[in-house]
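Worksheet: the structure to be examined is printed underneath.
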Amino acid sequence: MAASARLLFRGAGLKAYTANVNSGAQSSFGTTLLRLSPNCSSQTKTQIKHASHFTYHPDPVPTMYGPTTKMNLFQSVTSALDNTLASDPTAVIFGEDVAFGGVFRCTVGLRDKYGKDRVFNTPLCEQGIVGFGIGAAAAGATAIAEIQFADYIYPAFDQIVNEAAKYRYRSGNLFDCGNLTIRAPWGCVGHGSLYHSQSPEAFFAHCPGIKIVIPRGPVQCKGLLLSCIEDHNPCIFFEPKILYRAAVEQVPTEAYTIPLSQAEVLQEGSDVTLVAWGTQIHVLREVVSMAQEKLGVSCELIDLQTILPWDTETVCKSVAKTGRLLISHEAPVTGGFAAEISSTVQTPVHTLNQTDSNLSTMAKTRELCKDIRDKIVDQHKAGMGYRTIGQQLGEKATTVGAIIRKWKKFKKTVNLPQSGAPCKFSPRGASVIMRKVRDQPRTIHRTWSVT
Amino acid sequence: MRRGWDEEGDSSSDDFSDTESDGNFPLVIPQDYLGLAFFSMLCCFWPLGIAAFYLSQKGALRQQPFDSSEEKPQFPGASAEFIDHLEFIQPNVISGIPVYRVMDRAGQIINPSEDPQLSKETVVNFYQKMTLLNTMDRILYESQRQGRISFYMTNYGEEGTHIGSAAALDSKDLVFGQYREAGVLMYRGFPLDLFMAQCYANADDLGKGRQMPVHYGSKDLNFITISSPLATQIPQAAGAAYAAKRENTNRAVICYFGEGAASEGDAHAGFNFSATLECPLIFFCRNNGYAISTPTNEQYRGDGIAARGPGYGMLSIRVDGNDVFAVYNATKEARRRAVAENQPFLIEAMTYRIGHHSTSDDSSAYRSVDEVNYWDKQDHPISRLRHYMTARSWWSEDNERSWRKQSRKTVMEAFEKAEKRHKPHLDLMFTDVYDEMTPNLIRQRESMWRHIQQYKDHYPLDAYAK
């Protein structure tokens with residue numbers, strides 16, 4: 001049992017939402033896991049002892065960006081920076097120790113190739129590094145700042161949150177520092193302890209005006225980093241340091257971009273949506289195959305990639321399909337970014353497609369939930385017509401009309417059963433439902449066909 | 001050009017400087033080995049050339065090659081002499097860095113060779129800009145007291161620092177300010193309408209009505225928009241100056257801040273970065289005696305801000321901020337050398353904040369009225385310049401009267417016009433967070449409009465631009 005707990009809950013502070021696990025299923029769950037899979041049995045004793053084990057899953061070789069070569073994550077960073085310095089004469093790279101190649105070898109060879117005025121060390125001062133970068137960006141240079149570890153980004157918090165993020169807004173778009181990109185090694189590495197392992201994305205996610213991007217591997221890293229550099233907003237690019245050497249893929253040598261704010265569905269599934277970013281993607285890949293093998297559960301895996309602004313549409317669409325969501329990240333649970341994702345997913349959002357409005361009930365007829373009804377009434381009060389309201393919420397105009405007429409007559413939007421009015425469920429219907437759910441707890445309304 | 005030509009005993013140069021500069025420089029023997037090698041070979045003095053070349057390759061990664069046979073410190077961090085008795089260096093607070101001035105308090109030139117000998121038009125322009133600023137300050141301060149604008153900060157007593165320094169710069173030099181530099185913008189030609197528009201946050205505001213009053217900005221006049229957090233502009237100015245250096249367009253950057261903001265970590269960062277990265281930057285510190293209520297003896301213990309410059313390897317000067325010509329001379333020379341030599345300069349302009357910190361402050365709570373009156377009556381930049389002009393018959397009582405009337409009239413006209421304008425369009429609450437609106441911002445904007453449509457009786461929509 002101890003082994004199973006470790007295999008499932010990796011890293012510090014895993015955030016998980018699980019639904020519909022009843023006691024009956026759990027014991028079979030546990031015993032299944034004690035039978036080690038072929039993967040586990042081939043591990044040596046020392047490997048099993050490490051709590052931070054994960055297997056890196058490389059991306060397939062990309063074919064649409066030209067010739068590729070084998071690179072690990074830090075080399076893909078170097079390649080992206082090389083492409084940038086070659087094509088953009090205003091580009092400069094600076095930070096602590098970047099001149100000799102960087103403590104993680106991300107800038108090896110660039111100073112010799114492009115000159116000491118373009119790749120240079122700064123004094124040891126993060127608030128200075130980011131402040132300097134903001135000024136250089138505002139003056140028109142492409143500024144790529146390196147913070148040596150994400151754990152040390154906090155002295156620059158004021159410059160990032162109060163200055164970089166607000167530069168364009170506060171000046172009425174007279175000035176901006178969109179040319180600024182901040183890179184920092186991020187995340188658990190095993191031996192990093194408190195100050196070489198942090199994932200501070202949640203602190204910055206609360207700050208509109210910046211973008212936060214975290215890649216899962218070399219191909220994504222180079223494309224996303226080049227997108228960040230090109231993007232006209234200040235970007236923070238966190239590089240999972242444990243993947244610097246461990247992640248090796250075939251990476252295109254030419255420049256290419258991967259769009260920001262677009263989550264990627266890595267694997268389609270039907271029973272539960274898994275969301276992660278960075279290193280945890282590889283952990284969850286293993287979870288996906290284990291869940292399929294041992295539990296018969298089909299998981300849909302999404303790499304969020306951009307934390308801010310994040311792709312709500314892809315995640316919500318997926319959860320609307322599967323009905324369940326599990327988010328896994330390394331940072332502390334309270335106030336972690338999983339809280340933002342889960343609260344957004346659970347808020348009824350009227351612009352989503354109409355299947356979401358059906359999530360709220362398993363009624364015989366498609367009874368709309370109270371929030372949608374209230375929204376209809378609000379929009380009517382605001383002067384919208386029935387057809388427009390219907391189009392916006394994905395309902396028929398006649399339904400909208402009926403709800404509004406009822407509201408006008410009774411001053412209520414809810415359909416409370418009134419004495420004499422028939423209950424939506426017949427007693428037989430109710431007992432059928434109860435029997436089915438008791439037998440198969442993971443029933444969802446779509447498996448249903450009650451007439 | 002390397003700095004240190006004019007300083008003694010500086011042997012810190014190790015890199016092979018690629019910086020090019022215009023301007024005349026004396027022929028000096030290069031202090032780095034490689035330079036010496038090429039110089040020697042050029043002179044056909046081969047033995048020295050070969051030896052220097054060998055040493056340059058050997059010492060490429062270090063300041064100078066190790067040689068423990070010499071009784072000189074070999075530390076990479078510092079290269080002074082050894083000393084054999086214990087002695088703490090005294091911070092020279094009593095007789096500190098002297099204050100450079102050109103005029104005395106009565107507006108008389110002290111040393112005629114220091115008189116910049118500006119033309120009558122220029123000097124009259126200085127005077128008019130300073131007094132126009134003063135007039136605008138009075139009117140806007142009053143308007144805050146009457147509830148017409150929410151907040152205001154006056155520049156009383158510091159007009160000389162603004163006008164003197166602004167006049168010494170090129171119009172394309174980038175200005176990073178703190179919040180008490182409206183005179184720089186006024187000197188450059190920012191119209192009164194736009195000053196007012198920003199304070200009233202109306203639809204004409206270039207900043208789209210998003211910030212508190214006095215947070216001006218102008219792209220055309222190369223004045224970076226002011227932000228409230230103090231000293232954040234200092235490292236940014238270093239970055240901008242570095243970018244300007246790389247552009248190689250003879251552009252300098254000036255960064256204003258007060259003596260209080262100089263205590264911030266960002267100030268230290270900015271000084272250090274600009275010195276190590278060799279940026280063409282002028283740091284202009286307005287030491288006006290107070291940071292809200294905190295006097296300088298509670299702000300620092302050393303000899304002001306100018307004394308910090310040498311600690312960073314920066315050329316520094318202290319000037320009389322109430323003497324327009326002293327400010328002008330110092331800034332002009334600093335600008336010339338900053339661009340020519342790619343190094344930062346620190347100017348500490350000593351002045352006095354005659355007004356309150358802002359409309360939220362009542363300075364009688366922490367300083368005496370007598371103290372304020374001394375500076376207002378005995379040592380004011382405007383009156384000193386006026387004495388200078390009247391001594392040359394460039395400005396008479398009639399000029400003064402008619403100018404006072406005219407400046408007041410133009411300010412009042414701009415003021416009345418600004419009051420009547422609409423506030424910015426409500427959509428502008430949501431734009432410019434990013435370069436393009438994100439989906440959730442679009443949703444939030446639509447939600448706001450729906451809400452406003454529904455409860456329009458509760459919102460003063462008529463005040464806003466359609």
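No hydrogens, no waters, no symmetry mates; every other heavy atom, side chains included, goes into these values. A, B, ... follow the sequence lines: proteins, then strands. Residue 1 opens every chain.
Proximity to chain A (any heavy atom under 4.5 Å) is restricted, for B:L428, to the backbone atoms N, CA, C and O. A:D176 does not touch chain B: none of its heavy atoms, backbone or side chain, sits under 4.5 Å away. In this structure, no portion of A:P234 lies under 4.5 Å from any heavy atom of chain B. The parts of B:L206 that come within reach of chain A are both its backbone and its side chain, each placing non-hydrogen atoms under 4.5 angstrom from that chain. A:V92 touches chain B through its side chain: at least one heavy atom from C-beta onward sits under 4.5 Å away, while N, CA, C and O do not. For A:I129, the parts lying under 4.5 angstrom from a heavy atom of chain B are both the backbone and the side chain. Both the backbone and the side chain of B:A238 come within less than 4.5 Å of a heavy atom in chain A. B:E436 does not touch chain A: none of its heavy atoms, backbone or side chain, sits under 4.5 Å away. For a residue to count as touching a neighbouring chain, one of its non-hydrogen atoms must lie under 4.5 Å from one of that chain's; by this rule A:D158 touches chain B with the side chain only. Neither the backbone nor the side chain of B:F271 comes within contact range of chain A; no heavy atoms are under 4.5 Å apart. No part of B:S228 comes within reach of chain A, as not one of its non-hydrogen atoms sits under 4.5 angstrom from that chain.
In this structure, the side chain of A:R170 does not engage the main chain of B:H215 through any donor-acceptor pair within 3.5 Å. Side chain of A:Y167 to backbone of B:T225: no donor-acceptor contact under 3.5 angstrom is found. Judged purely by atom type and a 3.5 angstrom limit, B:Y242 has no side-chain atom pairing as donor or acceptor with the backbone of A:G135. In this structure, the side chain of B:D435 does not engage the main chain of A:N233 through any donor-acceptor pair within 3.5 Å. With A:Q159 contributing its side chain and B:T232 its backbone, the two residues share a donor-acceptor pair below 3.5 Å.
Environment of NE2 in B:H451: crowded, with over 12 heavy atoms of neighbouring residues, nucleotides or ligands closer than 6.0 Å. Other residues, nucleotides and ligands contribute only 12 or fewer heavy atoms inside 6.0 Å of the OH atom of B:Y464.
Across all non-hydrogen atoms, the minimal contact from A:P123 to B:T276 is CG-OG1, 3.5 Å. Summarising the geometry of A:Q127 relative to B:A269, their closest heavy-atom pair is CG-CB, 4.2 Å, with the distance given to 0.1 Å. Of all heavy-atom pairs spanning B:A243 and A:A141, the tightest one is CB-CB, 3.9 Å.
The shortest distance between side-chain heavy atoms of A:F132 and B:L277 falls below 4.5 Å. Counting heavy atoms from C-beta outward, B:R443 and A:T312 have side chains that approach closer than 4.5 Å. Contact annotation: the side chain of B:Q453 never approaches that of A:M384 to less than 4.5 Å [non-hydrogen atoms, C-beta and beyond].
Atom CZ of A:R168 and atom OG1 of B:T431 lie 10.5 Å apart (nearest 0.5 Å). The CG atom of B:D432 sits 7.5 Å away from the OG atom of A:S171 when rounded to the nearest 0.5 Å. Between atom OH of residue B:Y455 and atom NZ of residue A:K381 there is a gap of 5.0 Å, rounded to the nearest 0.5 Å. Note that CD1 of A:I134 and CD of B:Q233 are 11.5 Å apart. Values are rounded to the nearest 0.5 Å. If you take OH on B:Y434 and OG on A:S261, they are separated by 7.5 Å, rounding to the nearest 0.5 Å. Rounding to the nearest 0.5 Å places NZ of A:K211 at 8.5 Å from OG1 of B:T438.
When B:P424, B:A240, B:P439 are compared by the number of non-hydrogen pairs under 4.5 Å with chain A, B:A240 comes out ahead. For the options A:A136, A:G133, A:A139, heavy-atom pairs under 4.5 Å to chain B are most numerous at A:A136. Considering only heavy-atom pairs separated by less than 4.5 Å from chain B, the leading option among A:G209, A:G140, A:A382 is A:G209. When A:D117, A:N162, A:T90 are compared by the number of non-hydrogen pairs under 4.5 Å with chain B, A:D117 comes out ahead.
A donor-acceptor contact closer than 3.5 angstrom links the side chains of A:E163 and B:S227.
Ion pairing between a basic and an acidic side chain is recognised when a charged N comes within 4.0 Å of a carboxylate O; B:R450 and A:D378 show no such pairing.
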